[in-house]
Amino acid sequence: MDQKTRVTREGIRLYAPEDFAGMHKAGRLAAEILDRVIPLVVPGATTGEIDHAIETMVTEAGATSATIGYKGYQHASCISINHVVCHGIPSDKKLKDGDILNIDVTVIVDGWFGDTSRMYVAGKLPRKSERLIDVTYEALMRGIEAAKPGNTFGDIGFAIQSFVEKNRMSVVRDFCGHGLGQVFHAPPNVLHYGRPGTGPVLQEGMFFTIEPMVNIGRPETKVLADDWTAVTRDKSLSAQFEHSIGITPDGCEVFTQSPLGRFHPTYG
Ligand code: MF3
Ligand code: CO
Ligand code: CO
């Protein structure tokens, strides 16, 4: 590294304009894998089979899974069904008609991390699940709209929380987004709730995820005995969407856009 690495006083790294290309490449691969998973999500399929297909796609692309070996995690994806909030472990459990699920993939390409997740449905999408998915998707989009220089991380959290609560759903507090780039999880914690004008000021060159988890019921979660699977305490349905983004002089670029335009399961 010939140029000095720039870091804010909150410990947030500011990447250079030429670093965006590496993030676009990693983000595009993660998003393309999520596109290619769409036909595999059908009633009767197991989450283990889907994960195995994802692992093969990562390997065949010449990339590395960021999650295999991460804190002892052994899979190329997290697959979180219905009331599972996040970090669901792929298994031989079969999908049922009407199940909704989040699939979260993180890949490393040339040292850059691409992290994205989105919602899928097995079979026919139930009405109330559709509403949850729509609110969660829109919450992420409002967070992304608030991601521009001069705004703060609190503005992003407020944009998400106020929209979700106006729709009488709740934002999970126990998990957050994160800085990423040449590392998987870096400062800051990107909270999906907050007050306008609070938190670090957004600056050009910050790379981070926004990944709100929204519950139909109460926000509390608990982690199961496997030490990974987080579920809603009240067993209510939960949804999540995640993009990796980079702050530009006038807004942000999304690194994990779906090449097929299929990020939302029913739009487009
Ligand atoms: N991809 C997840 C995130 O959005 C992290 C998964 S870590 C794992 O930050 F070990 F559970 F895979
Ligand atoms: Co993430
Ligand atoms: Co993720």
Side-chain angles (χ1 to χ4, degrees), residues 12-13 23 26-35 37 47-48 50-55 57-59 63-81 84-91 101-109 112-120 136-137 139-140 143-144 147 153 156-157 160 171-192 206-214 221-231 238-247 252 254-258 263:
I12 305 167
R13 181 161 167 194
M23 289 300 284
R28 188 181 323 110
L29 175 64
E32 185 195 316
I33 290 171
L34 291 187
D35 282 351
V37 160
T47 55
I50 294 169
D51 178 72
H52 193 260
I54 291 170
E55 186 176 344
M57 292 183 228
V58 174
T59 310
T64 305
S65 164
T67 54
I68 296 175
Y70 177 78
K71 296 186 178 171
Y73 194 78
Q74 295 182 351
H75 306 274
S77 63
C78 296
I79 305 187
S80 305
I81 307 173
V84 179
V85 172
C86 63
H87 302 163
I89 301 174
S91 71
L101 49 149
N102 174 279
I103 305 182
D104 190 338
V105 170
T106 310
V107 297
I108 313 171
V109 178
W112 297 98
F113 285 70
D115 185 6
T116 181
S117 80
R118 61 174 88 151
M119 295 303 293
Y120 297 78
T136 310
Y137 170 86
L140 170 60
I144 289 172
F153 280 94
I156 295 176
I160 293 167
V171 173
V172 169
R173 313 290 204 270
D174 301 336
F175 300 92
C176 54
H178 49 94
L180 86 172
Q182 289 179 311
V183 287
F184 194 174
H185 293 110
N189 286 331
V190 180
L191 306 182
H192 303 114
M206 288 181 174
F207 293 170
F208 56 91
T209 72
I210 306 180
E211 47 183 301
M213 287 140 274
V214 174
T221 70
K222 66 174 179 190
V223 175
L224 300 185
D226 61 24
D227 277 344
W228 282 106
T229 312
V231 299
S238 187
Q240 178 179 25
F241 286 89
E242 175 177 24
H243 269 316
S244 297
I245 70 171
I247 301 298
C252 68
V254 176
F255 299 128
T256 45
Q257 293 289 16
S258 160
F263 186 66

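Fair warning: this is a prediction, and the values are worked out from it, not measured in the lab. Heads up: numbering here begins at 1 and tracks the sequence. Just so you know, ligand 1 is whichever comes first in the structure, and atom 1 is the first atom listed for that ligand.
Looking at E242, its N, O or S atom nearest to the Co ion (ligand 3) turns out to be OE1. Its N, O or S atom nearest to the Co ion (ligand 2) is what matters here, and for D115 that atom is OD2.
Between D35 and R118 a salt bridge is recorded (basic side-chain N to carboxylate O distance below 4.0 Å).
Ring geometry, Y137 versus F263: the interplanar angle falls from 30° to 60°, so the pair is classed tilted. The aromatic rings of F175 and H87 lie perpendicular to each other, with more than 60° between the two planes, well past the 30° mark.
Under 4.0 angstrom from ligand 1, the non-hydrogen atoms of H185 all belong to its side chain. The part of H178 lying near ligand 1 is the side chain, judged by heavy-atom distances below 4.0 Å.
H192 and E211 share no donor-acceptor pair across their side chains, judged by distance under 3.5 Å alone. Using modelled atom types, one finds no donor on one side chain facing an acceptor on the other under 3.5 Å when comparing S244 with D115.
Looking from atom 3 (C) of ligand 1 to the surrounding protein, the closest heavy atom is D115 OD2, 3.4 Å. The closest protein non-hydrogen atom to atom 12 (F) of ligand 1 is T67 CG2, 3.1 Å. Annotation: atom 2 (C) of ligand 1 to nearest protein heavy atom, D104 OD2, 3.4 Å. Looking at atom 5 (C) of ligand 1, its nearest protein heavy atom turns out to be F184 CZ, 3.7 Å. The nearest protein atom to atom 4 (O) of ligand 1, hydrogens excluded, is given as E211 OE1, 2.8 Å; this is a heavy-atom distance.
Taking 2.8 Å as the criterion, E211 does not count as a coordinating residue of the Co ion (ligand 3), since none of its N, O or S atoms falls below it.
Ligand-side atoms of ligand 1 in range of Y70: 7 (S), 10 (F), range being under 4.0 angstrom from any heavy atom. Residue contact check: C78 has heavy atoms under 4.0 Å from atoms 6 (C), 8 (C), 11 (F), 12 (F) of ligand 1.
Among the atoms of E242, some N or O lies under 3.5 angstrom from an N or O of ligand 1.
A centroid separation of less than 6.0 Å is found between the aromatic rings of H185 and Y70.
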For a side chain to side chain contact (heavy atoms under 4.5 Å, CB included) check, start with the C-alpha distance between L34 and Y120, then their side-chain angles and the critical distance, and finish with the verdict. CA-CA 10 Å; L34 291 187; Y120 297 78; 3.2 Å; yes
